[in-house]
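This is the structure, below, for whatever I ask next.
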Amino acid sequence: MNQTTNSILMIRPVAFRMNEQTAVNNYYQKVLDNLTPTSVNAKAQEEFDTFVQKLRMIGLNVVVVEDTLSPDTPDSIFPNNWISFHENGDVVLYPMFAENRRLERREDVLDHLENEGFVINEIMDYTSAEDDDIFLEGTGSIVLDRANGKAYCALSPRADEELFIEFCEDFEFTPVIFEAFQTVNGERKHIYHTNVIMCVGETFAVICADCIDDKKERKMVLDSLKGDEKEVILITEDQVNNFAGNMLEVKGTDDRRYLIMSASAHQSLTKKQIAQLEEHVTIVSSSLDTIEACGGGSARCMMAEIFLPSE
């Protein structure tokens with residue numbers, strides 16, 4: 001299987017704001033008191049449009065779907081949590097922790113992709129797990145190494161172990177399970193999404209090993225990455241706070257490899273880390289300050305990779 005794709009789905013926001021339902025365990029979200037809701041959304045749209053433009057300039061096929069005002073979906077800009085697309089034509093729908101995020105699942109998004117020439121064969125729907133308060137939030141909770149058939153998951157209130165194992169069995173991934181933490185007001189709390197602390201590329205991996213408090217688990221994860229001959233680039237918890245773990249490798253024009261991240265992530269990296277990454281990819285960054293502050297997510301969360309076959 002391919003690790004990277006040239007096509008991504010993005011949802012353009014119409015009523016973006018800080019989602020009070022996700023803030024209970026996403027400690028990256030902030031209220032921007034100096035901005036009205038209208039101006040928050042306007043800034044988010046501006047950041048979104050600039051970001052899409054940059055991605056298209058490197059030859060990425062960006063399928064943009066406009067969000068709708070009703071129902072109320074303040075986090076719709078992060079579609080990678082509710083849906084994923086696979087090379088065999090499967091589409092996966094995931095159970096979401098926040099009730100208002102469940103409303104982001106829209107059938108017309110699939111219609112839109114089919115109109116763009118993508119083939120959808122089967123829909124795997126895990127969303128009934130919500131009835132039992134069991135959640136697994138897509139490629140936020142799961143970081144896939146598609147080429148090596150591995151799936152990495154940091155367990156949290158949004159990533160259930162049993163459901164993750166079921167997903168791995170259904171899609172023939174080997175599960176790599178661990179716990180990851182961040183310090184919040186002096187306490188160690190679970191990281192809400194795996195893709196905040198790690199990114200797996202074709203020939204490299206970026207990870208904050210310091211977030212994995214258990215030494216055995218930390219060694220197991222690092223050994224797994226190194227065993228697949230990936231250069232492991234370590235980042236700090238402070239860099240994680242700047243969304244340096246929330247990156248995605250994509251294929252641009254002529255199959256050139258790019259690593260997409262936010263401007264704050266890029267600025268937080270050291271010269272050495274940048275040099276290490278540039279051995280593998282060309283870095284593309286864009287300012288996502290408003291989206292990061294209110295949404296508590298960054299560049300990777302905004303892109304749902306499309307691996308579906310084309311007609």
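Just so it is clear, the model here is predicted, and its values are computed rather than measured.
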Give a yes or no on whether the backbone of Glu179 and the side-chain of Glu217 come within a donor-acceptor separation of less than 3.5 Å.
-> yes

Check residues 300-311 and write down every donor-acceptor pair under 3.5 Å in which the side-chain atom is one partner and the other belongs to a residue at least two apart or another chain.
{"residue": "Arg300", "atom": "NH1", "partner": "Met303", "partner atom": "O", "Å": "2.7"}
{"residue": "Arg300", "atom": "NH2", "partner": "Glu305", "partner atom": "OE1", "Å": "2.5"}

Quick one: CG on Leu222 to CE on Met220, what's the gap to the nearest 0.5 Å?
-> 9.5 Å

Would you say the side chains of His280 and Glu202 form a donor-acceptor pair under 3.5 Å?
-> no

Examine the side chains of Ser268 and Gln239 and answer whether a donor and an acceptor come within less than 3.5 Å of each other.
->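 Absent: no donor and acceptor within the cut-off.
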
Tyr94 and Glu130: which non-hydrogen atoms are nearest, and at how many Å?
-> O-OE2, 4.1 Å

Partner of Thr203 by side-chain hydrogen bond (donor to acceptor under 3.5 Å, both in side chains), out of Lys230, Glu229, Arg257, Glu231 |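 Exactly one pass, corresponding to Arg257.
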
Look only at the side chain of Asn121 and the backbone of Asn88, and say whether a donor-acceptor pair between them is shorter than 3.5 Å.
-> yes

Got a donor-acceptor contact below 3.5 angstrom from the Ser264 side chain to the Asn242 backbone?
-> yes

Closest heavy-atom contact between Cys199 and Leu259?
->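 Answer, listing the atom of Cys199 first, then Leu259: SG-CD1, 4.1 Å.
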
Whether over 12 other heavy atoms sit under 6.0 Å from Met57 CE = no

For residues 45-58, pull every pair meeting salt bridge (Lys or Arg N to Asp or Glu O under 4.0 Å), keeping only residues two or more places apart or in separate chains.
->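 For residues 45-58, and leaving out neighbouring residues, the salt bridge (Lys or Arg N to Asp or Glu O under 4.0 Å) pairs sorted by first residue read Arg12-Asp49.
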
Look only at the side chain of Asp210 and the backbone of Thr236, and say whether a donor-acceptor pair between them is shorter than 3.5 Å.
-> no

Does a salt bridge link Asp254 with Arg256, judged by any charged N lying under 4.0 Å from a carboxylate O?
-> no

Identify whether the distance between the nearest side-chain nitrogen and carboxylate oxygen of Glu249 and Arg146 falls below 4.0 Å.
->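 No salt bridge links Glu249 with Arg146.
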
What class does the angle between the rings of Phe135 and Phe97 fall in, given that below 30° is parallel, 30 to 60° is tilted and above 60° is perpendicular?
->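 The arrangement is perpendicular - the two ring planes meet at more than 60°.
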
Quick one: CG on Asn61 to CG on Leu55, what's the gap to the nearest 0.5 Å?
-> 11.0 Å

